Amino acid sequence: MLEVKNVRKLYDNKNGIQKANFALKEGELCALLGRNGSGKTTLLKCILGLCEIDDGEILFQEKPVDLQYEQVAFISADGSSMPYMKIKEYGKFLHQYYKSFDLEKYKQLCESMRLETDTKISSLSKGEKMKVELAAGFAMQAKLILLDEPFTSLDIYAKEDAVKLLLDHIKEDTILLVSTHDIEEVESIADRCIVLNDGNVVEDFYVDTLHDSGRDLKTYLQKYRPE
């Protein structure tokens with residue numbers, strides 16, 4: 001279980017997380033939603049231990065996340081790959097650095113997303129770089145997978161591939177938390193949605209419950225649209 005307990009993280013301009021309080025269970029794919037500046041990326045960084053929180057506590061499997069990075073994968077549109085490496089070299093580097101990294105799975109994912117592994121990463125388009133991030137992240141064999149705008153720069157076919165990857169990795173012992181603006185894509189696959197507004201968790205609901213009430217996600221979130 002991932003537990004975010006009364007977390008607060010504010011920057012000098014007072015943006016950030018005012019209060020976040022929720023728990024995610026294994027086997028869930030949760031969408032983290034909110035407009036720009038609502039605190040989504042800050043919350044992911046807090047979970048990862050990349051920034052020190054002002055108050056509260058974050059635990060994964062009852063321990064701080066930064067004590068068990070071998071169980072965690074972070075997939076970001078900003079990219080973490082080595083631009084001077086070829087795609088295949090990057091996989092070998094990760095295989096040497098992370099014990100849990102599955103090199104064969106990385107190769108298979110690159111092939112399924114039609115990536116030429118002899119290509120240098122610096123020469124790839126934004127969409128292709130995102131594919132490398134997805135392949136690397138899902139080859140980590142992680143139990144907690146955080147994704148920050150995974151559909152960014154992907155064309156319609158690559159989005160289909162990304163959605164399939166997400167669905168393939170919803171397992172009983174895995175938690176997926178996806179920060180995204182792509183409501184239509186995530187509505188079809190998410191079990192649950194958490195909505196941030198001005199640094200606060202303002203909604204936490206299951207998608208099936210929303211649909212059972214006759215509402216769709218885009219319409220429901222219109223109330224948070226800036227006037």
Side-chain angles (χ1 to χ4, degrees), residues 1-4 23-32 40-51 58-82 85 87-113 115 117 121 127-154 158-159 161-180 182 185-186 189-192 194:
M1 180 177 287
L2 174 67
E3 299 172 276
V4 177
L24 301 180
K25 298 180 294 184
E26 285 79 1
E28 283 190 335
L29 192 161
C30 180
L32 184 62
K40 300 190 302 297
T41 298
T42 296
L43 181 56
L44 292 182
K45 288 180 178 179
C46 289
I47 293 171
L48 287 163
L50 297 179
C51 57
I58 299 175
L59 299 174
F60 176 56
Q61 297 175 341
E62 301 183 349
K63 295 184 290 186
V65 176
D66 59 5
L67 297 182
Q68 46 187 332
Y69 277 140
E70 73 280 358
Q71 298 287 335
V72 182
F74 180 48
I75 301 170
S76 170
D78 291 337
S80 59
S81 56
M82 308 298 186
M85 288 184 177
I87 295 173
K88 64 181 181 182
E89 292 172 340
Y90 182 51
K92 291 177 182 178
F93 166 78
L94 293 174
H95 180 59
Q96 292 176 339
Y97 197 79
Y98 296 99
K99 293 180 179 180
S100 60
F101 186 82
D102 188 334
L103 183 58
E104 287 305 312
K105 183 171 185 177
Y106 175 76
K107 293 176 180 177
Q108 292 169 7
L109 290 173
C110 287
E111 182 179 353
S112 71
M113 290 188 285
L115 289 168
T117 57
I121 292 172
E128 289 171 327
K129 288 177 181 176
M130 190 68 239
K131 290 180 183 180
V132 174
E133 292 294 321
L134 288 165
F138 285 116
M140 290 289 185
Q141 304 296 309
K143 302 303 182 186
L144 174 62
I145 304 175
L146 308 179
L147 302 99
D148 193 10
E149 298 297 339
F151 307 115
T152 296
S153 304
L154 297 181
K159 281 186 180 181
D161 291 341
V163 167
K164 185 177 184 303
L165 275 177
L166 289 171
L167 291 173
D168 287 345
H169 285 80
I170 302 174
K171 301 175 182 177
E172 291 182 358
D173 61 349
T174 304
I175 297 171
L176 289 94
L177 180 59
V178 185
S179 169
T180 182
D182 205 320
E185 295 293 345
V186 80
I189 57 174
D191 301 299
R192 180 175 168 188
I194 290 174

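As the structure is a prediction and not an experimental result, all values here were calculated from the model.
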Query raised in the report: When you look at Lys107 and Glu104, which way does the salt bridge (charged side-chain N to carboxylate O under 4.0 Å, His left out) test go after all the steps?
Result: CA-CA 5 Å; Lys107 293 176 180 177; Glu104 287 305 312; 3.5 Å; yes
Query raised in the report: What are the two closest non-hydrogen atoms of Leu24 and Ile175, and how far apart are they?
Result: O-CD1, 3.4 Å
Requested in this report: Only counting residues at least two apart or in another chain, list the ones meeting side-chain hydrogen bond (donor to acceptor under 3.5 Å, both in side chains) with Lys88.
Outcome: Asp118
Query raised in the report: Under 3.5 Å, is there a donor-acceptor pair between the side chain of Glu185 and the main chain of Phe151?
Result: no
Query raised in the report: CG of Leu146 to CG of Leu48: how many Å apart, nearest 0.5 Å?
Result: 5.0 Å
Query raised in the report: At what distance, to the nearest 0.5 angstrom, does CD of Gln141 lie from CD of Gln71?
Result: 10.5 Å
Report task. Would you mind reporting whether Ser112 and Asp161 have side-chain heavy atoms less than 4.5 Å apart? Result -> no
Report summary line: Hits for side-chain hydrogen bond (donor to acceptor under 3.5 Å, both in side chains) against Lys105, two or more places apart or cross-chain, chain-then-number order -> His169
Query raised in the report: Which distance, rounded to the nearest 0.5 Å, do you find between the CG of Asp66 and the CG of Leu50?
Result: 9.5 Å
Report task. Answer yes or no: is there a side-chain heavy-atom contact under 4.5 Å between Ile75 and Glu133? Result -> yes
Query - From Leu109 atom CG to Leu115 atom CG, the distance as rounded to the nearest 0.5 Å - result: 9.5 Å
Report summary line: Output for pair (Ile47 CD1, Leu177 CG), nearest 0.5 Å, gives 5.5 Å
Query raised in the report: Which atoms form the tightest heavy-atom contact between Ala142 and Val72, and what is the distance?
Result: CB-C, 3.6 Å
Report summary line: One should read off an interatomic distance between Glu26 CD and Leu144 CG, to the nearest 0.5 angstrom, of 9.5 Å
Report task. For residues 135-154, pull every pair meeting salt bridge (Lys or Arg N to Asp or Glu O under 4.0 Å), keeping only residues two or more places apart or in separate chains. Result -> Lys143-Asp173
Report summary line: With sequence neighbours left out, the residues meeting side-chain hydrogen bond (donor to acceptor under 3.5 Å, both in side chains) with Asp102 are none
Query raised in the report: Sub-3.5 Å donor-acceptor pair from the side chain of Glu28 to the main-chain atoms of Arg192, do we have one?
Result: no
Requested in this report: Please state whether the rings of Phe101 and Tyr106 are parallel, tilted or perpendicular, taking 30° and 60° as the class boundaries.
Outcome: tilted
Report summary line: Note: Ser179 and Leu44 closest approach over all heavy atoms is CB-CD1, 3.8 Å
Query raised in the report: Does a side-chain heavy-atom distance below 4.5 Å link Leu147 with Leu166?
Result: yes
Report summary line: Residues Ala162 and Leu134: closest non-hydrogen pair is CB-CD1, 4.0 Å
Query raised in the report: Is it true that Lys131 and Glu128 have a side-chain N and a carboxylate O under 4.0 angstrom from each other?
Result: no
Query raised in the report: Shortest non-hydrogen contact from Ala136 to Leu94?
Result: CB-CD1, 3.7 Å
**Report entry** For Tyr69, all residues meeting ring-ring contact (aromatic ring centres under 6.0 Å, His included), sequence neighbours excluded
**Finding:** none
Query raised in the report: Looking at Gly137 and Ala73, what are the two nearest heavy atoms and their distance?
Result: O-CB, 3.5 Å
Report task. Under the salt bridge (charged side-chain N to carboxylate O under 4.0 Å, His left out) rule, collect the residues that match up with Glu111, sequence neighbours excluded. Result -> none
